[in-house]
Amino acid sequence: MRTTAFHLVTRKETPQDAEIVSHQLMIRAGLIRKLGAGLYTWSPLGMRVLQKVENIIREEMNAAGALEMLMPAVQPKELWEETGRIADFGGQLLAIQDRAERDYFFGPTHEEVITDFVRNEINSYKQLPINFYQIQTKFRDEIRPRFGVMRSREFIMKDAYSFHLDTESLEQTYQVMKQAYSNIIKRIGLDFRCVLADSGAIGGSGSQEFHVIADSGEDAIMYSDQGEYAANLEKCEAVSLIDNRNTAEQDVKKVHTPEVKTIEAVSDFLKVESTQTIKTLLVAGVDGPVALVVRGDHNLNEVKANNLACVASPLRMLNDDEIKQVAGCDAGSIGVKDLNCHIVVDRTVANMNDFVCGANETDYHLTGMNWDRDAVYQAVEDIRDAQVGDPSPDGVGVLKVARGIEVGHIFQLGSKYSKAMNAVVLNEQGKSQAMEMGCYGMGVTRMVAAAIEQNHDDKGIIWPANIAPFGVAILPMNYQKSERVKRAADDLYEALQAQGIEVILDDRKVRPGFMMSDFELLGVPHQVIIGDRSLDENNIEYRSRINMASEKISRDTIESFLMEKIQA
RNA sequence: CGGGGUAUAGCGCAGCCUGGUAGCGCAACUGCUUUGGGAGCAGUGGGUCGGGAGUUCGAAUCUCUCUACCCCGACCA
């Protein structure tokens, strides 16, 4: 490709509304342009990268035995009524109507559509297992789209759905998909981790996420410093930090604590560690209010809380009036003594003794509190965020934290959708049986942003070789005037093209500094600079985008030198 | 959805308070010079000042209203 025959529009200045580096660089390099909130046009340059990512995904999915297909982006509302997921997805669903005012959703995911397809196509266990996938545009009406294509409303996703006679078969395919996902991200060239995850609105029994490690990631990944354990903070099991409950030593004392509301203020005022205090949080329950109790220095994990059967979903904290009704005090003084509601305590809290809590009387706290003697709870659950330094749940090492960008998520759905939509097969005994189902998503557009997030410097993008829009850039100095430079550049260009290398020759009439800055921004991995200066010595200059180190290579060997670099 | 903010040329901004026929930098176009690190000089094109309504002799500027976009929060595969 010659630049004069291509579309390159770069910007020197960082766009005002781009927060994270991948968004800034994608705009500056001209990979994407914004149309509206969370809506982006992919330029020909961006498209080249996107297609590289797509093709790697496609190859690995095919290799894993999945079958590519294409489903409609627009889905009838009735399908969603069958599974009752309209409420789960809520405002994220983009509802549309046709001229006859029939209701549709622009598909945010395709479990309903594939299950409908499969219930009509698959009738026998002999057709199982089977795994379908597509690469397609989705729409989710995010409350706050941001970070460019990292969290956009319209985006491209690879989604796969597998169907099985039994859970053993599902587990088998799930492992195959997990391996395929690892292969994909490795081939793209990114540093990632596979972690345990909450399955959210998609549902099902087990799920794992694939995270590209980057400081700008929106998720916190907890992992063992010595073992294999890794989980999204949302899901990460938090163990009890106290092995056995000690016996009570103190008596309960009521202390006047005026204007002392936060845990920090309470521990300062009473001169106790925050680890000796507890926080009582009141939330709406399925059957009356529920108190969730965590240690003073711990955070309530809202995903875990939301998943409790007794807690109303979505999770909602009681407001000040409701708190007054239940506890008889302001929010800063809630405690567990004589609290008339369902009380769920965190594992650590269950083993505490002589602790401090609110007195259910505004501006008063209780010290020397002990379970059974002074208060009782109805259940012990894991409801807090795991913290750095906690023992790893698998017993190996302690937890550390990293930021991650979720690029993939795989689920063992079980029969949630097949039962709701009556997707059944006849088994070997001739009996009707709901299929087991798995689903596997990967964000294609997000992967491009994640790649940049992990591979850039102050000059621009540094593409991993397998997804670079071009393999080699030829940058001739004074191409317009120097016949010798022009000939050398054209010759190399044609030679590399004949070898099937994706090469871009900058034949624009621009000054050298401009040209070099542009290609540093664009991040082409291998760059050759051809000028009279080096041609005098029969040399051509090579630069790797990774470290920008330059080498002088003889004209006679430049072609084989580049072939070697590209194949490395 | 709550709070805050912005909207003037492709991009980044000034002008608005105090109403008087729209400007700067970058980008683009032309010419000359320059050609190994985002050139210099001279010139050129491009804007219903987000939309609508109102006040006024006159509105980018004042008032009302609608819309879009951005940030924080809640929410979120």
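Chain letters run A, B, ... following the sequence lines, proteins first and then strands; every chain starts at 1. Just so it is clear, the model here is predicted, and its values are computed rather than measured.
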| message | Below 30° counts as parallel, above 60° as perpendicular, anything between as tilted: where do the rings of A:Tyr174 and A:Tyr440 land? | response | tilted
| query | Looking at B:C70, B:G38, B:A77, which one has an atom nearest to any side-chain atom of A:Phe514? | reply | B:G38
| Taking the same atom, P, in B:U35 and in B:C72, what whole-Å distance lies between them? | 48 Å
| note | Ordered by number, residues from residues 471-487 of chain A within less than 4.0 Å of RNA chain B (heavy atoms) are A:Met477, A:Asn478, A:Lys481
| task | State which residue, out of A:Ile185, A:Ile56, A:Ile467, A:Ile405, fulfils the side chain to side chain contact (heavy atoms under 4.5 Å, CB included) condition with A:Met447. | result | A:Ile185
| Whether A:Trp80 and A:Phe89 hold their rings parallel, tilted or perpendicular, with breakpoints at 30° and 60° | perpendicular
| said: I need the CE-C1' distance between A:Met150 and B:A77, as an integer number of Å. | reply: 15 Å
| request: Using Watson-Crick or G-U wobble geometry with both distances below 3.5 Å, tell me the partner of B:U35, or none. | output: none
| query | Mind checking who B:C64 pairs with, Watson-Crick or G-U wobble, both distances under 3.5 Å? | reply | B:G52
| request: Report the base-pairing partner of B:U30 (Watson-Crick or G-U wobble, both distances below 3.5 angstrom), or none. | output: B:A42
| query | If the P atom of B:A14 is compared with that of B:A7, how far apart are they to the nearest Å? | reply | 7 Å
| Considering only side-chain heavy atoms of A:Ser517, which listed nucleotide, B:C72, B:C11, B:G38, is closest? | B:G38
| field | Selection from B:C70, B:U34, B:C76 that lies nearest to any side-chain heavy atom of A:Arg511 | value | B:U34
| query | Do A:His409 and A:Ser207 have side-chain atoms, one donor and one acceptor, less than 3.5 Å apart? | reply | yes
| Crowded around A:Leu94 CG? As in, over 12 foreign heavy atoms under 6.0 Å? | yes
| field | Strand partner of B:G2, provided both Watson-Crick or wobble distances fall under 3.5 Å | value | B:C72
| query | Rounded to the Å, how far apart are A:Lys34 NZ and B:A68 P? | reply | 13 Å
| request: May I ask you to say what A:Glu209 touches in the nucleic acid, namely base, sugar-phosphate or nothing, with a heavy-atom cut-off under 4.0 Å? | output: nothing
| field | Base B:G36 to side chain A:Asp532, donor-acceptor N/O within 3.5 Å cut-off | value | no
| message | Quick check: any donor-acceptor pair below 3.5 Å linking the side-chain of A:Arg140 to the base of B:A77? | response | yes
| message | If I pick the P atom on B:G20 and the same atom on B:A60, what distance separates them, to the nearest angstrom? | response | 9 Å
| note | Pairing partner of B:C16, by Watson-Crick or G-U wobble and under 3.5 Å for both distances, is none
